[in-house]
Amino acid sequence: MEPYDAKAIEEKWQSIWDAEQAFHVDNPKPGAAPDEHFYMLEMLPYPSGSLHMGHVLNYTLGDVVTHFRRRHGLTVLRPMGFDSFGLPAENAAIKDGGHPLEITERNMEAIRVQMRRMGWAIDWQREVSAHEPTFYHWTQWLFLKFLEHGLAYRKEAPVNWCPNDQTVLANEHVVDGRCWRCGFVVEVRNMAQWFFKITAYADALLEDLATIDWPERTKKIQTSWIGRSEGAEVLFRVEELDIDIPVFTTRPDTLFGATFFVVAPESPLVGQLSDSEEVTAYARVAAVRPTEEREQREKTGIFTGRHATNPVNGEQIPIWVSDYVLMEYGTGAIMAVPAHDERDREFAEAFDLPIVPVIDEDGKLINSGEFDGLPYEEAKRAIIESLSAHGMAKPAINYRLRDWSFSRQRYWGCPIPVIYCGECGIVPVPEDQLPLLLPEVDDYRPKGQPPLATNEEFINVPCPKCGSPGRREADTMDTFVDSSWYFLRYTDPHNDHAPFERSIADYWMPIDQYIGGIDHAKGHLLYSRFFVKAMNDFGMLGFREPFQRLFHQGWVLLDGKRMSKSQGGVSPNELIDRFGADAIRIYILFQGPADQDIDWTPDGIEATARFIRRLWRVVHEAAAQPPSPAGVDTALARKAHETIARFSDDIDRRFVFNTPISAVMELVNELSKAPDDPAARFTAETAVSLLQPYTPHVAEELWSVLGHEERLWTSPWPTHDEALLQRDTIELVLQVNGKVRDRIQVPAGLPEDQLIALARASEKVQAHLNGAGRRVIVVPDKLVNIVA
RNA sequence: GCCGGGGUGGCGGAACUGGUCAGACGCGCCCGACUUAAAAUCGGGUGGCCCUCGGGCCGUGCGGGUUCAAGUCCCGCCCCCGGCACCA
């Protein structure tokens, strides 16, 4: 027996896989009968450095599923690519010199090498990268489709500005008021920006969650991010100015308790309502106050001198301006019900405004005229109905979700293909002029204007429509635009006349299993759903959801912190050198359930390396044994069949990846205790075959040691013999008063009365049983419980 | 504050539909074999307390409950993680 040499074995099989293009799959030939197929995808890496252990977990998981499904006879599409536009490469270029392109491609090459060394079964013929013109050509083309359908638009709006990265951020990427990338406090600025109209799909995005197999917590995150609330829009009339101000409320049942009215300081209403210097001054100061301060400080506000009419009772209620009312939500004006809203109460107490309760402890209306006595849920409907008869209210729905601002004032991204013309306005770059290539610039540093704006040749172009001098858009796209459709490009990656052929995308999609971090719950995973729905509406796709099943791997923690780069001693490359890829693969899945965080331990990887050496030795010993006869029926053979059943069920039905390894470890332990069992050889084959998705290199090597000529990675998955799992004797547990007192071996399938007789015959049972026993519980083939 | 997930040996975790003395598998630790020695490897032990060595009692965050039987179901509470949060 040769000693186990991970390096030699792994390099050997990796070369064979490369040479044989082992994991490439073709698209279906036109007219061919569709075979059973499976689209396995993990979120693509961002090439900011090399891979870390978090990636190793993500892609090893996907790899196990890929092999498992392949060996069940499915054609598995498992591509890979790079999310290669974006800030980190650009910032690295600014900091250390060099071009973002060079840095990106260098990182990509390092990652490709790592992925090959990990032995992942990837179809490299389908590789796509966001920064390649052959890809962003179609990102631009898609943008134009969205523009054409009114789902992309430009407008001036308050947006999140990161003063460090010098760019606008989407709401989804402001975390606790800070930039998700650099952690700087985000400012609000009024700027003209590009938006995708994701709000048009708010209801579809909510409803279709019911059609996909996703973790509940992820659905919950998206649901609360979309934040649908049902209520009413109610008009409050200001007689003196002859205007009606709409407010949104979820509690129209409390209208009789609306004792004052409040307008957000940013609202254009402020100017209409008052020209007093104090009011204007308050509004000006309050509007620019940082959000954090607005939330924490005591309620502030100022009376405008105006009154609004409460439509339910005609009462004149004072109109105030206060920064506790948000411009972004609803209409930027509210009716205040201090008796039933905590914030309104605080304000009323601070400014000594009347508080009128309108709902009693039983949830019935009081002080509400004709509606008194109605349960509040009924009152909601009744009051809206009554008001809408006079055109003063209508049912309304509000969302927390805002449109996705996707223009970035940075260099390393996909250029937005439009030209501004003094005559024609926003003019799309004609399709036949795509791709609009990202030009060179002298300086990537953002200096108040996007870097592309400094390239005169790029910027100054004639209008494609009228020919008069125009200016090109200098912003680039958020990288989340690229990742909102990359999974579609994989299906038809070399198409040069369309982003993809619809029939091909429809064949592979939706993705059968998607794996990635939960940190993308309300960003990438929401944007992609929006893109697919929109493209379905454009007639480009025949489905409405991109990711049928979703799984989130846990984080790999080092000293309690998420691994985000390859730290010394924990870099996948160093670990491959020391232990081999197979040991790392098994380690990362053995530590615990794959959706739980795992703490990096050096002991753990030593242990899995030890297991592989043990497997090596035990399988070599078994290879010296004669072949096991067909249908061999020994305790060891049964254990092997049991292991096949457990292992397969764990991955297939339960989607757990740690317990299958335990099961094979148990089997190998048994085998090493019975090296000359007639089933020894069969058991070794079973163990190797089951482990193949986890440890493809050593499994392949041992498969040939066991005398097999055929490739294990293309061999059918082992099946267990159900008959062998049926035991003819079982261990019967005997309980007295619910406590186990004895365990006896009995033939399987005995009738209840015989089981009871056997139980009563047990000395140990008798010792604990004083008297006959009032009641006996029998679970056939499992236990007898005698209750005294 | 609201919503979601979770608390099991020294550690990571297992126990899937209430039913095989809860703790599989692995780490760590202890004992032994091999060795001049160590490493590696192999074998055995390892929840706590008590023991006449037969076994007994206790034990899955805390307190109650349902049941012949609860880590698993119900009620109340504590703690940890995540999402949302002046959203009207």
Side-chain angles (χ1 to χ4, degrees), chain A residues 175-176 215-229 231 247-252 254 258 262 264 291 294-297 299 322-326 328-337 340-344 346-347 398-400 518-519 521-522 552 586-587 590-593 595-599 601-608 610-611 613-614 617 646 649-650 653-654 656 658-669 672-673 730-743 764 767 773-788:
Chain A
V175 178
D176 294 331
E216 274 318 304
R217 57 185 173 143
T218 314
K219 291 187 179 186
K220 210 77 205 179
I221 290 171
Q222 293 207 344
T223 303
S224 59
W225 186 253
I226 295 168
R228 177 191 158 104
S229 47
V247 303
F248 173 75
T249 175
T250 55
R251 299 297 305 276
T254 63
V262 192
T291 323
R294 263 171 93 151
E295 283 170 16
Q296 279 158 18
R297 60 194 290 136
K299 293 274 182 291
S322 171
D323 62 5
Y324 85 92
V325 173
L326 307 175
E328 312 88 79
Y329 188 80
T331 61
I334 62 151
M335 63 177 216
V337 184
H340 303 288
D341 183 284
E342 210 181 311
R343 298 153 296 172
D344 296 346
E346 277 173 33
F347 192 83
N398 236 288
Y399 299 91
R400 190 191 172 288
I518 195 169
D519 49 331
K522 66 186 190 203
H552 299 299
I586 216 166
Y587 161 79
F590 182 59
Q591 289 309 296
D595 56 355
Q596 254 175 52
D597 294 353
I598 58 178
D599 281 303
T601 72
D603 290 340
I605 193 150
E606 293 279 1
T608 51
R610 189 177 309 150
F611 169 67
R613 287 195 298 270
R614 184 174 156 81
R617 182 173 54 80
R646 270 174 69 188
D649 186 56
D650 278 354
R653 180 178 62 86
R654 301 177 66 203
V656 297
N658 52 334
T659 48
I661 302 170
S662 304
V664 177
M665 284 175 170
E666 280 181 51
L667 186 63
V668 172
N669 289 346
S672 73
K673 281 179 204 154
I730 53 107
E731 192 173 59
L732 187 70
V733 173
L734 307 180
Q735 296 183 330
V736 176
N737 288 329
K739 294 204 171 186
V740 177
R741 294 304 178 185
D742 201 359
R743 304 161 83 191
K764 286 178 185 168
R774 264 188 304 125
R775 233 180 116 183
V776 182
I777 313 292
V778 180
V779 182
D781 284 352
K782 277 199 176 150
L783 67 78
V784 175
N785 185 9
I786 303 177
V787 187

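Numbers restart at 1 for each chain; the letters A, B, ... are given by sequence-line order, proteins then strands.
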(message) For A/Tyr324, does the six-membered ring have the charged nitrogen or CZ of A/Lys299 within the cation-pi criterion, i.e. under 6.0 angstrom from the centroid and within 45° of the normal?
(response) yes
(message) Applying a 4.0 Å non-hydrogen cut-off, can you work out what A/Phe590 is touching in the nucleic acid: base, sugar-phosphate, or nothing?
(response) base
(request) Quickly work out the A/Glu666 CD to B/G26 C1' distance and round it to whole Å. (result) 11 Å
(message) Reading RNA chain B from 5' onward, which residue's closest nucleotide shows up sooner: A/Ser662 or A/Lys673?
(response) A/Ser662
(message) Distance criterion of 3.5 Å, no angle test: do you see the side chain of A/Asn785 paired donor-to-acceptor with the base of B/C68?
(response) yes
(message) Heavy atoms from C-beta onward define the side chain here; which of B/A24, B/U20, B/G26 lies closest to that of A/Val733?
(response) B/U20
(request) With rounding to the nearest 0.5 Å, note down the distance linking CG in A/Leu783 to CD1 in A/Ile777. (result) 9.5 Å
(request) Counting heavy atoms from C-beta on, name the nucleotide in B/G83, B/C27, B/C87 closest to the side chain of A/Ile221. (result) B/G83
(message) Heavy atoms only, 4.0 Å cut-off, all strands: where does A/Val325 land among base, sugar-phosphate and nothing?
(response) base
(request) Send over the distance from A/Tyr587 OH to B/C25 C1', rounded to a whole Å. (result) 16 Å
(message) Taking the nucleotide of RNA chain B with the nearest heavy atom to each, does A/Gln596 or A/Thr331 sit closer to the 5' end?
(response) A/Gln596
(message) Regarding A/Pro215, tell me which of base, sugar-phosphate or nothing describes its non-hydrogen contacts under 4.0 Å with the strands shown.
(response) nothing
(request) Could you let me know what B/G43 is paired to, Watson-Crick or G-U wobble, both distances under 3.5 Å, or none if it's on its own? (result) B/C31
(message) Check this one for me: any side-chain N or O of A/Arg217 less than 4.0 Å away from OP1 or OP2 of B/C3?
(response) no
(request) Look through every strand shown and name the nucleotide pairing with B/A15 as Watson-Crick or G-U wobble, where both distances are under 3.5 Å. (result) none
(message) Tell me which nucleotide, if any, is Watson-Crick or G-U wobble paired with B/C2 when both distances must be under 3.5 Å.
(response) B/G83
(request) Could you let me know what B/C57 is paired to, Watson-Crick or G-U wobble, both distances under 3.5 Å, or none if it's on its own? (result) B/G48
(request) Please determine, for the side chain of A/Ile777, which listed nucleotide (B/C84, B/G26, B/C68) has the closest atom? (result) B/C68
(message) If you only use heavy atoms from C-beta on, which nucleotide in B/C68, B/A88, B/G12 is closest to the side chain of A/Arg775?
(response) B/C68
(message) Looking only at the side chain of A/Asp603 (C-beta and beyond, no hydrogens), which of the listed nucleotides B/C84, B/C27, B/G43 gets closest?
(response) B/C27
(message) Measuring from the side chain of A/Gln735 (C-beta onward, heavy atoms only), which nucleotide among B/G19, B/A14, B/C87 has the closest atom?
(response) B/G19
(request) Using a cut-off of strictly less than 4.0 Å, decide whether A/Arg741 has a side-chain nitrogen or oxygen near OP1 or OP2 of B/G55. (result) no
(request) Verify the contact: side-chain N or O of A/Asn658 to OP1 or OP2 of B/A14, cut-off strictly under 4.0 Å; return yes or no. (result) yes
(message) Check this one for me: any side-chain N or O of A/Arg654 less than 4.0 Å away from OP1 or OP2 of B/C16?
(response) no
(message) Please pick, from B/G19, B/U41, B/A88, the nucleotide with the shortest atom-to-atom distance to any side-chain atom of A/Arg613.
(response) B/U41
(request) With syn defined as a glycosidic angle within 90° of 0 and anti as everything else, classify B/G56. (result) anti
(request) Compare the minimum distances between each of B/G19, B/A14, B/A88 and the side chain of A/Val779, then state the nucleotide with the smallest one. (result) B/G19
(request) May I ask you to evaluate whether A/Arg653 reaches the phosphate of B/C16, defined as a side-chain N or O under 4.0 Å from OP1 or OP2? (result) no
(message) Is there a side-chain contact between A/Arg610 and the phosphate of B/C27, meaning an N or O under 4.0 Å from OP1 or OP2?
(response) yes
(message) Are A/Tyr587 and A/Thr601 packed together at the side-chain level, in the sense that at least one heavy-atom pair is separated by less than 4.5 angstrom?
(response) yes
(request) Can you check whether any acceptor in the base of B/A88 is under 3.5 Å from a donor in the side chain of A/Arg251, or vice versa? (result) no
